[in-house]
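Labels below follow one simple rule: chain letters A, B, ... track the order of the sequence lines, proteins then strands, and each chain is numbered from 1.
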Amino acid sequence: MRALNQLAGIVEAELRALAREAGVFIFVVFFPFMFSLLTYGAGQALTGGEASPTQWFYQLIGFTIMMIALTMSSSSAWYFRRGMMTGRLEYIFAAPVSPLTAVLSSALTSVIFNIASFIVVAAIGVIAVYGPYYLVNVIGVILFLALALLPVIGFNLLVGILTIFFREPEPVTNLINAVVSSVSGFTYPIILLPNFLQILGQVMPYSHIVNGARDILAGSFKYVQLSPHLFLLGYLIIGLIVFRVGEITYVRKSGVHW
Amino acid sequence: MSAIACEDLKKYYRVKVRRSFFNRIDSVIKALDGVSLEVEKGVVFSLVGPNGAGKTTMVKILSTLLLPDAGWAQVGGYDVVRQAGRVRRIIGLVLAPDKGFYARLTGLENLVYYGRLYGLSKGEATRKAKELLELTGLGEDGMRLFEEYSLGMRAKLSIAKALINDPEIVFLDEPTIGLDPLSARRIRNLIKDLAAKGMTIFMTSHNMWEVENLSNTVAVLKSGKVVAKGSPSELKERLKLTYRVEVEVISEKTPDTSLPVITGERGYPVVTVTTDKPSEDLVKVIDEMRSKGYSIGMVRVQEPSLEEVLTQVLSS
């Protein structure tokens, strides 16, 4: 109960702080529209006006999930970095709260924030391409994302613990984000990639998330598509284990107590 | 049982010293080198010393943020390494008065956040936060965003944060650093109030006047070692620091004496004596002047300051 109360307290504070930085939310919502319209426009120009609106929708959802993937992969890393810079991290460690609770709270905040931005983008996209009747599918995607983003929290923890060791999140997050955005099929089908990159794309959760989200919104999702997500939950378990091992190693190496 | 106790506490930092682009050598900085201390319950204890003496390291070990390399420390009777969780429940901490808060949250929201970290329910945390905003004099300013706060207000909020869990012991690392005189005075009054309520305060400061006025006990830390400890008056006595006795003589002419004479603020001659026995010498000077028929005006005995104590201890 105590941990849940702490978790709720941190999530509430983080969400309140985020809500007062409207620019971040506007950017996350605006970015997919800008880039999907650019690529769709380019497609229209190249095909002589034959690109279908569903192609734009494909790009729109792809860019939205890409934003979610990029922010979620690095949210813990930035939580640590911001905490170090503002002195908040020391106060958290000086309080009777587990670092895992603090990091999971930050990841959960990221999930809530990203799902909120996805709802806005997907609702506009669905209405524009499929009509208001398909809006009900947005609810399905929210439920789907709540499950499918759990493995990403595992990724998040892995990157977070690396930041504790290296202090600067950029080198780690930039590398991971470059790989994730290239092989996850956000804006093109991964079958266009060489085999080894396709495999890399399949073993990470993002390609399954983006394809699942697109299919649910278009009404063509099959329940069998959920099965990879159950296996991908392994990332969450691995993330939790590595975070614990990293914690112990960090304490032993640095003499910092948490 | 003492509020804080530690024995032979050591903390070394291993750093790399860059001699040239390719040449780096390992070096060890002894932040704490065998510190033993005991702090009684309900007192204001100050740790003073130059920059890099190990004051912040000491605070961080006692507040469970750093692990010592050797020795032991207890806070509230709990071991800071093995019972860190228990220690964290009974302490409050201010490391830097302007840090640790969400810029885009109000003072109240920040305090509620910290209250919940200490396991208070949202309702309890809000009630306690409002109480502390009143106590620290922030009141209605608690509804303003932290980023709009002045440094003085931030310092007050830091102290409020440190009190959110009703701690038995509060650690304050330079609580008035960078504050204007008025804000610093408010913080000092707040510390006095907390001490009057029986809370144990462990603070560090470079402001010797502040330390002298607030502390029951002072320890001087130099290169990771405690080199002097006692109440401010004990330290002055032990170091045999000199007092300056000034006796103003109501006369137009310089009095006939072998002692040094200066012209005072009111234009009269002032006989001055530098001594380690102020009471005896004061009586002697007054007797001598009276015996020569002079009237005595103002009398002043200037006590040595704690700053002089620190200067003498550190330079010896």
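With a 4.5 Å cut-off on non-hydrogen atoms, B:Ile61 does not touch chain A at all. For chain B, the nearby part of A:Arg2 is the side chain; its heavy atoms alone come within less than 4.5 Å. With a 4.5 Å cut-off on non-hydrogen atoms, A:Ala19 does not touch chain B at all. In this structure, chain A has a heavy atom under 4.5 Å from the side chain of B:Tyr114, while its backbone stays farther away. At a 4.5 Å heavy-atom cutoff, the contact between A:Glu12 and chain B is made by side-chain atoms alone. Using a 4.5 Å cut-off between heavy atoms, A:Ile10 contacts chain B through both its backbone and its side chain.
There is no side-chain donor-acceptor pair under 3.5 Å between B:Thr176 and B:Asn207. Between A:Gln6 and A:Thr101, the side chains place no donor N or O within less than 3.5 Å of an acceptor N or O (distance only, hydrogens not considered). Side-chain contact annotation: B:Asp173 with B:Thr204, donor-acceptor N/O pair under 3.5 Å present.
Exactly one residue among A:Val11, A:Ile153, A:Leu149 makes a side-chain contact (heavy atoms from CB on, under 4.5 Å) with A:Leu108. That residue is A:Val11.
With respect to the salt-bridge test (charged N to carboxylate O, under 4.0 angstrom), the residues B:Asp69 and B:Lys10 do not qualify.
Note: B:Leu95 leads B:Val94, B:Asn165, B:Leu95 in heavy-atom pairs under 4.5 Å with chain A.
In this pair, B:Phe45 and B:Phe202 present their aromatic rings parallel. The plane angle is below 30°, not in the 30 to 60° band.
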